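Read through the structure below, which is laid out as C-alpha cells, and then see the notes.
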Amino acid sequence: MSHFNDFNNAQVAKLPNHLKQFIVAQNYEKYTPIDQAVWRYVMRQNYSYLKNVAYYPYIKGLQRAGLSIEHIPDLQTMNDNLGKIGWGAVTVDGFIPPAAFMEYQAYRVLVIAADIRQINHIEYTPAPDIIHESAGHAPIIADTDYNNYLSYFGSIGAKAMFSAKDFELYEAIRKLSILKEAVDVDATEIAQAEKNLRYISENMGEPSEMALLGRLHWWTVEYGLIGTLENPKIYGAGLLSSIGESATCMHNDVEKLWYNIDTVNYQYDITKPQPQLFVTETFQNLIDVLEQFANTMAFRRGGSESIMKAIACKNVATAVYSSGLQVSGIFTDMGINPDDEVTFIKTTGPSALAFNGEQLKGHGKDYHVDGFSSPVGKLKNTSQLLEDFSAADLESAGISIDNQTELLFDSGIKVVGRVKEILKENNKVILIAFSDCTVTESNGNVLFRPEWGIYDMAVGAEIISVFNGAADKDAYEAITLISDEKTHQITYDAKTLKLHELYKTVRGIRESGENSDQLAQVFDDLKLNHRQDWLCALEVLEIVYHKKIYHQLEKEIQVYLEIKASKEPDHTKLINDGLHVIKNPVSQLIIED
C-alpha cells in the first residue's frame with residue numbers, strides 16, 4: 001500500500017479504513033518527460049483560455065491548491081496546501097465506486113487518479129486522470145461556498161441507494177476507460193466494451209437515487225456554469241480540464257439552462273460533448289437543489305418504499321428503527337399492513353446491528369451469520385411505544401430478565417419467550433433478547449422457533465431511515481467491492497525512451513536558460529526519427545521564439561509545424577493552439593511552485 005500514512009494532513013488522517021484501501025502511491029518518478037510536457041501544454045492552454053471564462057477564483061485557486069503550470073503536482077505539496085483550507089488529497093487507481101467517491105468528498109478529501117492521459121488523448125480522456133482531478137477540481141476548492149457544497153454532496157451521496165445495475169454500469173465504464181487509455185489494445189476489444197456499456201446503460205430501468213444524484217453531480221461538479229445565461233463562467237472540473245470542450249461549450253449551439261431540481265431529468269453521456277449545460281446564479285443554489293432532492297431519498301423518508309429500494313439494490317444497506325437501532329445486511333423481505341406501514345424486516349446472509357454508526361458488541365456479522373429478522377411497529381393495547389418504556393414500565397409489562405413474556409404487536413405478530421437481555425441506548429430500549437422463543441404471524445405462520453437459538457428482537461415503532469452500505473463500515477467490511485480491473489502499466493520501447501530524452505533535454509534548456517545551441521540538433525533528431533511527435537517541436541519553437549537569436553531555426557520549425565497542422569487533422573487544433581500560446585505568452589503569469 002502507499003506511504004499515505006506519511007501525509008501530514010488532518011483530513012487524510014481521519015479517513016476510515018474502508019476508504020484507505022483505495023489509496024495507491026503516486027510514484028512521482030513514473031511520470032515521463034512527455035507526461036510532464038502534456039501537463040504543461042494543457043495547463044498553459046487552460047490558463048491562456050480560462051482566465052477569461054473560468055469562474056474568478058480559478059487561477060488564485062491553482063496557487064492555493066499547490067498547483068503549478070510547469071509540473072505535474074506532487075501529492076504531498078497539494079496536501080500541505082489543501083490542509084490550510086481544511087481539505088486533503090489522495091491518489092487512487094482510476095475510477096472508484098461512486099459511493100466511496102462520495103464518502104471521500106464528505107470527509108473533505110479530493111480523490112485524484114494517479115495516472116496522466118497519454119499525448120494522443122491530450123484534449124479529452126474518458127478515464128479519470130491527474131489533470132482532470134487536480135487542475136479541474138482542486139482550484140475551485142478554495143471557494144468556501146463551493147467546498148461546502150462538495151462535502152455536503154458527499155455526505156448525501158454516501159447514503160444514496162443504488163441498484164444492482166448501477167454496479168454493473170460502474171464496472172463497464174471502468175473497463176472501457178482503462179482500455180481506451182491502454183497502449184496496443186485491439187480495436188475489437190474496445191468496440192465490444194463500448195457495446196457492452198451501451199447495452200447496460202440502455203437497460204438500466206428506473207434510475208436509482210445514486211443514478212439521479214450522479215446526474216446532479218455531473219451537471220454541477222463536472223460540467224457546471226455559474227453566473228447568467230448570457231455570460232456564464234465555468235466552474236465544472238470536466239470543462240476546466242478539457243481544452244477541447246472548455247472552448248466549444250461557450251458556443252450558442254450548446255444550450256444554457258437554469259440549474260434547478262428539474263435538472264435531475266437530464267441524462268448524460270460521458271463519451272460525447274454535452275448538448276446542454278446548466279447555469280446556477282450562486283453556489284448556495286446548488287445546496288438548495290441538493291436539499292430538495294435529499295428530501296425524496298430513503299435515508300430521510302424511511303418506511304416501506306425505502307425498504308423496497310434496499311431489497312432492489314441486492315447489496316448491503318442499513319435500516320434504522322425509530323429507537324435508533326441500525327440493522328445492516330442484504331434485505332430480502334418485509335411485511336406491510338393495509339396502511340402501507342412496515343410490520344417486519346428481514347435480511348439474508350451476514351448482518352450486523354449498530355447504534356449511532358457503531359457496531360453493538362456481540363452483534364457483528366460473524367454472530368448474525370445467516371441474517372436477521374424482526375418485527376416493526378407498536379404493541380397492541382398500549383399507546384406508549386416500547387422503545388420509550390422506562391425500567392418501571394418494562395417491569396409492569398412483565399419484560400424483565402428471566403421472565404417468560406408474551407408481546408403482541410398491532411400487526412398480529414406474537415413473540416413468546418424468556419427475556420435474556422434488554423439493551424438500552426440514550427434512554428431508548430433498542431433490543432430485547434429471548435431464549436426459548438417462538439415468533440408467529442396472525443395467520444399461524446412461524447417466523448422463529450426455540451431450537452434456532454437466541455431471538456434478538458429489534459425495538460422500534462417504525463423504520464425512519466434506509467441508506468446504502470453498513471452502519472459501521474469498518475467493523476462490517478474491511479474491504480468493500482474493489483474492482484478486479486486494474487489500470488494498465490505502460491512499458492516503453494527504445495525509440496520512445498529516446499524521445500523521452502529529447503523532451504528532458506528541452507526542459508533542461510528552458511529551465512536553466514543554458515545550452516540552447518543544442519536545440520537545432522534536437523529538432524533534426526525529431527524530424528529524422530520522431531515524425532509523429534508535434535509537442536516537442538512546439539517546445540523547441542517556444543524557446544527560440546523568445547530568445548530572438550535563432551531566426552533561421554525559428555522559421556524552419558514554424559514551417560514544419562504549419563505543414564504538420566495542415567496534413568494531420570488530429571493535430572491541427574493542438575498545434576495551432578500551441579502556436580497561439582507561444583505568441584501570446586502567459587509566462588509572466590505562470591504560477592510558481
Side-chain angles (χ1 to χ4, degrees), residues 98-107 148-163 166 206-217 219-221 259-265 284-331 334 336-337 339-345 347 353-358 376-378 385 387 425-426 428 430 458-473 476:
F101 183 85
M102 294 292 182
E103 226 185 322
Y104 272 106
Q105 270 181 214
Y107 278 95
N148 283 340
Y149 169 66
L150 213 53
S151 62
Y152 187 48
F153 199 109
S155 63
I156 285 170
K159 293 187 170 77
M161 298 302 298
F162 60 88
S163 68
D166 288 335
E206 193 63 30
S208 67
E209 290 178 358
M210 186 58 99
L212 294 172
L213 265 177
R215 293 176 190 176
L216 294 184
H217 198 265
W219 297 123
T220 60
V221 174
Y259 179 75
N260 56 36
I261 193 69
D262 296 334
T263 304
V264 85
N265 300 317
Q284 181 56 45
N285 177 52
L286 303 186
I287 292 177
D288 296 343
V289 170
L290 181 58
E291 189 60 21
Q292 250 179 299
F293 183 75
N295 286 334
T296 69
M297 289 171 65
F299 84 97
R300 288 206 179 154
R301 289 177 75 94
S304 58
E305 61 168 327
S306 301
I307 296 285
M308 292 288 285
K309 286 180 181 176
I311 293 170
C313 94
K314 298 186 172 67
N315 274 282
V316 176
T318 297
V320 186
Y321 277 81
S322 45
S323 63
L325 181 74
Q326 297 166 315
V327 180
S328 300
I330 295 175
F331 286 82
M334 69 166 172
I336 45 177
N337 66 17
D339 296 328
D340 204 27
E341 294 162 338
V342 182
T343 57
F344 79 87
I345 55 171
T347 65
L353 306 182
F355 184 84
N356 220 355
E358 238 172 88
V376 181
K378 301 183 177 79
L385 303 181
E387 64 218 67
E425 288 282 353
N426 279 6
K428 292 264 187 191
I430 62 167
V459 176
E462 54 185 340
I463 298 297
I464 56 167
S465 176
V466 177
F467 57 83
N468 166 53
D472 183 342
K473 289 191 176 67
Y476 189 89

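Given the structure is predicted, the values throughout are model-derived calculations rather than measurements.
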Open item on the list: Between K159 and M102, is the side chain to side chain contact (heavy atoms under 4.5 Å, CB included) condition met? List the steps.
Closed with: CA-CA 9 Å; K159 293 187 170 77; M102 294 292 182; over 6 Å; no

Task: With sequence neighbours excluded, residues passing side chain to side chain contact (heavy atoms under 4.5 Å, CB included) with D288 - done: Q284

- [ ] State which residues pass side chain to side chain contact (heavy atoms under 4.5 Å, CB included) with I464; sequence neighbours excluded, sorted by chain then number.
- [x] V320, S322, E462

Task: Which residues share a side chain to side chain contact (heavy atoms under 4.5 Å, CB included) with S151, sequence neighbours left out - done: W87, R108

Open item on the list: So F467 and E209, do their side chains get closer than 4.5 Å, heavy atoms only?
Closed with: no

TODO: Check the pair F293, I156 against side chain to side chain contact (heavy atoms under 4.5 Å, CB included), reporting the backbone distance first and the verdict last.
DONE: CA-CA 10 Å; F293 183 75; I156 285 170; 5.7 Å; no

Open item on the list: Could you walk me through whether V221 and Y149 satisfy the side chain to side chain contact (heavy atoms under 4.5 Å, CB included) test, starting with their C-alpha distance in whole Å, then the side-chain angles of each, then the deciding distance to 0.1 Å, before giving a yes or no?
Closed with: CA-CA 9 Å; V221 174; Y149 169 66; 3.9 Å; yes

TODO: Can you see which heavy atom on T318 is nearest to which on A471, and at what distance?
DONE: OG1-N, 3.1 Å

Open item on the list: Please check if the number of heavy atoms outside E291 that lie under 6.0 Å from its CD is greater than 12.
Closed with: yes

Task: Partners passing salt bridge (charged side-chain N to carboxylate O under 4.0 Å, His left out) against K378 (at least two apart in sequence or in another chain) - done: none

Open item on the list: Between L216 and F153, is there a side-chain heavy-atom distance shorter than 4.5 Å?
Closed with: yes

TODO: Please name the pair of heavy atoms, one in Q292 and one in I261, separated by the smallest distance, quoted to 0.1 Å.
DONE: NE2-CG2, 3.8 Å

Task: Heavy-atom closest pair, residues A461 and E387 - done: N-OE1, 2.7 Å

Open item on the list: Give me the atom names and distance for the closest heavy-atom approach of E425 to I430.
Closed with: CG-CD1, 3.6 Å

TODO: Please examine the side chains of L213 and M297, heavy atoms only from C-beta on, and report whether any two atoms are closer than 4.5 Å.
DONE: yes

TODO: Would you sort out whether S304 and D340 count as a side chain to side chain donor-acceptor pair (under 3.5 Å), showing the intermediate values?
DONE: CA-CA 7 Å; S304 58; D340 204 27; 3.2 Å; yes

Task: N356 side chain near E358 side chain, heavy-atom distance below 4.5 Å - done: no

TODO: State, with a plain yes or no, whether a side-chain heavy atom of I330 is found less than 4.5 Å away from one of T347.
DONE: no

TODO: Taking the side chain as every heavy atom from C-beta outward, state whether F299 and N468 have any atom pair closer than 4.5 Å.
DONE: no

Task: Result of checking V459, I336, V342, I307 against V376 for side chain to side chain contact (heavy atoms under 4.5 Å, CB included) - done: V342

Open item on the list: How close do A458 and L325 get, counting heavy atoms only, and between which atoms?
Closed with: CB-CD2, 3.3 Å

TODO: With sequence neighbours left out, write down each residue that passes side chain to side chain donor-acceptor pair (under 3.5 Å) with S306, or none if nothing qualifies.
DONE: none

- [ ] Look up atom CG in N148 and atom CG in L286, then write down how far apart they are to the nearest 0.5 Å.
- [x] 11.5 Å

TODO: State, with a plain yes or no, whether a side-chain heavy atom of Q105 is found less than 4.5 Å away from one of H217.
DONE: yes

TODO: Look up atom OG in S155 and atom OH in Y107, then write down how far apart they are to the nearest 0.5 Å.
DONE: 11.0 Å

Task: Listed partners of A317 passing side chain to side chain contact (heavy atoms under 4.5 Å, CB included), at least two apart - done: M161, A310, F331

TODO: Would you check if the side chain of E341 reaches a backbone N or O of G377 as a donor-acceptor pair within less than 3.5 Å?
DONE: no

- [ ] Decide yes or no for C313 and M210: does some side-chain heavy atom of the first lie under 4.5 Å from some side-chain heavy atom of the second?
- [x] no

TODO: Using the side chain to side chain contact (heavy atoms under 4.5 Å, CB included) rule, take I463 and I345 through it: C-alpha gap first, then chi angles, then the decisive distance, then the call.
DONE: CA-CA 9 Å; I463 298 297; I345 55 171; 4.1 Å; yes

